[in-house]
4 protein chains.
Amino acid sequence: MASDLKNLPDVQAEAGFLGLPIHRVGVTDVRYPINFDSSGSAQSTTGLWEMAVSLAGDKRGTHMSRFLEILSEFKGTQTIDTLREMCADIRDRLNAEDAFLTVEFPWFIEKVAPVSNRPGKLDFDVKISVATGGSMATEVSIKVPATSLCPCSKQISKYGAHNQRCELTLSVRFVDGATISLEELFLIAESSASAPLFSVIKRDDEKHVTEQAYENPKFCEDTIRDLAESLNSDERINSYKCSVENFESIHSHNAFAEIASGWKHF
Amino acid sequence: MASDLKNLPDVQAEAGFLGLPIHRVGVTDVRYPINFDSSGSAQSTTGLWEMAVSLAGDKRGTHMSRFLEILSEFKGTQTIDTLREMCADIRDRLNAEDAFLTVEFPWFIEKVAPVSNRPGKLDFDVKISVATGGSMATEVSIKVPATSLCPCSKQISKYGAHNQRCELTLSVRFVDGATISLEELFLIAESSASAPLFSVIKRDDEKHVTEQAYENPKFCEDTIRDLAESLNSDERINSYKCSVENFESIHSHNAFAEIASGWKHF
Amino acid sequence: MASDLKNLPDVQAEAGFLGLPIHRVGVTDVRYPINFDSSGSAQSTTGLWEMAVSLAGDKRGTHMSRFLEILSEFKGTQTIDTLREMCADIRDRLNAEDAFLTVEFPWFIEKVAPVSNRPGKLDFDVKISVATGGSMATEVSIKVPATSLCPCSKQISKYGAHNQRCELTLSVRFVDGATISLEELFLIAESSASAPLFSVIKRDDEKHVTEQAYENPKFCEDTIRDLAESLNSDERINSYKCSVENFESIHSHNAFAEIASGWKHF
Amino acid sequence: MASDLKNLPDVQAEAGFLGLPIHRVGVTDVRYPINFDSSGSAQSTTGLWEMAVSLAGDKRGTHMSRFLEILSEFKGTQTIDTLREMCADIRDRLNAEDAFLTVEFPWFIEKVAPVSNRPGKLDFDVKISVATGGSMATEVSIKVPATSLCPCSKQISKYGAHNQRCELTLSVRFVDGATISLEELFLIAESSASAPLFSVIKRDDEKHVTEQAYENPKFCEDTIRDLAESLNSDERINSYKCSVENFESIHSHNAFAEIASGWKHF
């Protein structure tokens, strides 16, 4: 085997090569299990991974298989810190200037129905991106489902008010040394909407959330401003981008609003 | 070119071959334009096509390129009849026992807002499937978006009632010689929900639809029963399958209900 | 709370109601964790669930929240047997004639690269459906990725042969008392293609799989016939439906083929 | 009706309001027909639209219905210029500082098979984004499918070489006054891959493209460098971002590479 490796030409390592530098090259759409710990509570699920490096102009190709090996070698529970270590490991083992790692997975928050106290889990999407070159940058993104109810509809109608599911997307970068758990980020986003969602709801819970939404009508614009203000006043957050999308019950299209502060893409 | 064709071995036409009969073999995920006419009004859009034939046990392979040629040769406006002809053409030109053709595309219905009378278009998904062997079978499927409002929520709450977008899916086979336009099928489905959608809505329209939904609360179960009853009493319809899915505004999951009558898949 | 429940009208339990029977009504698009055991090896991931019951004509609505409660109450590792028990539990607790349960999740099979022996995991999609009425029916479906190489392209070209990723979909119902693990079903499907996939590949593995695919050219038609023959001769299998789809490297559309034996949808 | 409009409170136009400025607020996921002209050849299809404006801190809400009205009022054929005018119209009629418009649709390029000369269409995705504030910015993005063949696999294997479908994504901003047709952008991207795709292929075409790919092996890295060099030397282009993704036939994940030059998101 070792002799085969020596004899097979290494086409990626062509001598004397010169081409444009490549900003990111790697593997994407990689499914692999992840056991992730968000401040003490770990969940196991399947992650969707992307790993890449920058490539200098004098290298024809990167070492694609090493990404998968590094991923396969990891044992145990991941945290934001271990993901940063994996990213630094990628940079070293692929001899690159910069490395990039992203993992997306569903996360569950324990919920208790507001009147019946019945327990249940609510799911939301999480995406963690890490980049390392000279320094390390980390982004945590979540998508939070909630209820939105229209103020205009409420105000002008004899009874009722159109409401619908909405989705808040929140991407943050933390101040150095700071962090916010997934659950806390979830609650910051959720509290900007008209009412929260629950998976297990009995009739007295349904009455409660229906009235809560009706008492708390919000346009997209109100929701996104409330969310942005929470983020502006949170000292752990360095920069953010947030948006809300309403799956309007009276239209087949959606309404949305977006605010960003100091946001720079990788 | 002709000489090349003769000299290149025809691997699909292997002599003396014997294997299992294949029920369907062909091409899928084919995007190709379509100008479709539903009872006098034509629209141009992009269709997603699938074309297949059955294959006898003594043939190693079908003639994949002929599907694309038949599609490319068609000029002009399609109707359900021309799609049936195309399907029969596929059967003939591929020397098959059975042929199958499906095309999916978005369709637009002209709507007028209920109070302001503003015009607008509402989009819905259409899928037409044709099969021909001994005889011809045709299925028309549509997905219709509408508003649904919860009776329980309305009944038990001081004010308000959770509502959301819902989607009705309706697949029908017509009695021989009968047909129903896409627009009419759309209206049959839409009228089973709590309220219709509009793309262009001004404030007096918003008041109207909010109140209309509130006055017309329906569970999934109510909606699907109303739709099934309309279909049962329509003499043009031979068999059907219908379902409704509510994108519940108080949950992150959906509720659904389904009724079928005499439905047999191709 | 108990008094609230008594006082809030139970709209779903309307007395004297009469409407069409509903074939399936329930919840769908429910994300919830699952720890699944396929013959001794358990994996944790996130499942996409659907749970439903039939509804008699004299009942206006079902008990939607009970589905989520039953799901939330389950603790521990799921197997096909526990999923059947959950389905029976749904039927009982919702007082229904029939109950239906489906869960979809990604599964990982341990792979070892053919020459370097490097370990890695390969992911594939699993869907398990259970229905219970008078009797129990179970379907296991998997989607297996593999490599396919074109015989015609190989035969007629001076060198090379177009190849691509393909996806085999296999749905089976077992003979009473029999079962086949997910891993074994995976290997049955995979062995019908031109060559298997690996996530971790070094250069000598790459040489091996490239040559293996070239030595094993198969049309869609060949692959599906080989798969169907394996299934026909497997005494544990009562009925099946299988298909293969090639993401053709020379086209922007896909080729596919399908064989079914004794297959009846739920 | 007019009196209703006067009497119904205008909740969005709340006096004395003060909140955070909103960067973008509007409607998304809007399906609406489009007849688009790319340098003289028009095609009709269905577009997916997004329209938004910025909102000052002293305005509680924007005028959501006006977006749909502006879209509905447009008659005739769209070009990049008419889309810019529509965007400017949105800014004026919603009294906004900035307006944003995006439309995505499939486009077809006429292709002729390389040996048989058979005609056929190849589909690719197009997205046009326009932003106007002080000045106008326009981005044209396309996704081009092609064939990629691996140099390493070719070099080290006795015969064959793994190949697969790949997808090149190209986003460009033009120098003021310059433009490039969709068809030309398509060909710039396509020529960077190992071989082009065709929808209609006969056997002598299949031989040709198989050999062409084999004679033109390219890593992701090679392809993206070739594409970036074409763009660097094109004086009509001001800035760009391009990437290629290979749906690897020997893996279940994908490989990708990306280069950007002067690229700033809206």
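Hydrogens, waters and symmetry mates are skipped; everything else that's a heavy atom, side chains included, is used. The sequence lines fix the lettering, A, B, ..., with proteins before strands; numbering per chain opens at 1.
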Could I get the full list of salt bridge (charged side-chain N to carboxylate O under 4.0 Å, His left out) partners for B/Arg31, not counting sequence neighbours?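 Listed in chain order: D/Asp123, D/Asp125.
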Among B/Ile250, B/Thr147, B/Val200, who wins on heavy-atom pairs under 4.5 Å with chain A?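 Counting heavy-atom pairs under 4.5 Å, the top option is B/Ile250.
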Best-contacting candidate, A/Ser148, A/Ala161, A/Ala146, A/Pro196, against chain B by heavy atom pairs under 4.5 angstrom: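 The answer is A/Ala161.
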Can you tell me which of A/Ala195, A/Cys166, A/Gly160 forms the most heavy-atom pairs within a distance under 4.5 Å of chain B?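 Maximum pair count with chain B is reached by A/Gly160.
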Quick check on A/Glu248 against chain B: is it the side chain, the backbone, both or neither that has a heavy atom closer than 4.5 Å?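 Both parts, backbone and side chain.
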Chi angles and distances behind the side chain to side chain contact (heavy atoms under 4.5 Å, CB included) call for A/Glu206, B/Cys150: CA-CA 10 Å; A/Glu206 188 170 7; B/Cys150 179; 3.3 Å; yes
From [X] atom [atom1] to [Y] atom [atom2], the distance as rounded to the nearest 0.5 Å:
X	Y	atom1	atom2	answer
B/Gln164	A/His162	CD	NE2	13.0 Å
B/His253	A/Leu197	NE2	CG	9.5 Å
A/Lys111	B/Ser252	NZ	OG	9.5 Å

Is atom NZ of B/Lys154 surrounded by more than 12 heavy atoms (other residues, nucleotides or ligands) closer than 6.0 Å?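 Result for NZ/B/Lys154: enclosed.
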Residues of residues 209-220 of chain B near chain A, each having a heavy atom less than 4.5 Å away: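 Result: B/Val209, B/Thr210, B/Glu211, B/Tyr214, B/Glu215.
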Test item: side-chain donor near acceptor, B/Asn254 and A/Arg165, under 3.5 Å: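 Yes.
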Is there a donor-acceptor contact under 3.5 Å from the side chain of B/Asn163 to the main chain of A/Ser249?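 Here the side-chain-to-backbone pair does not exist.
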Just by distance, do the side chain of A/His251 and the backbone of B/Phe198 share a donor-acceptor pair under 3.5 Å?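 At least one qualifying donor-acceptor pair exists.
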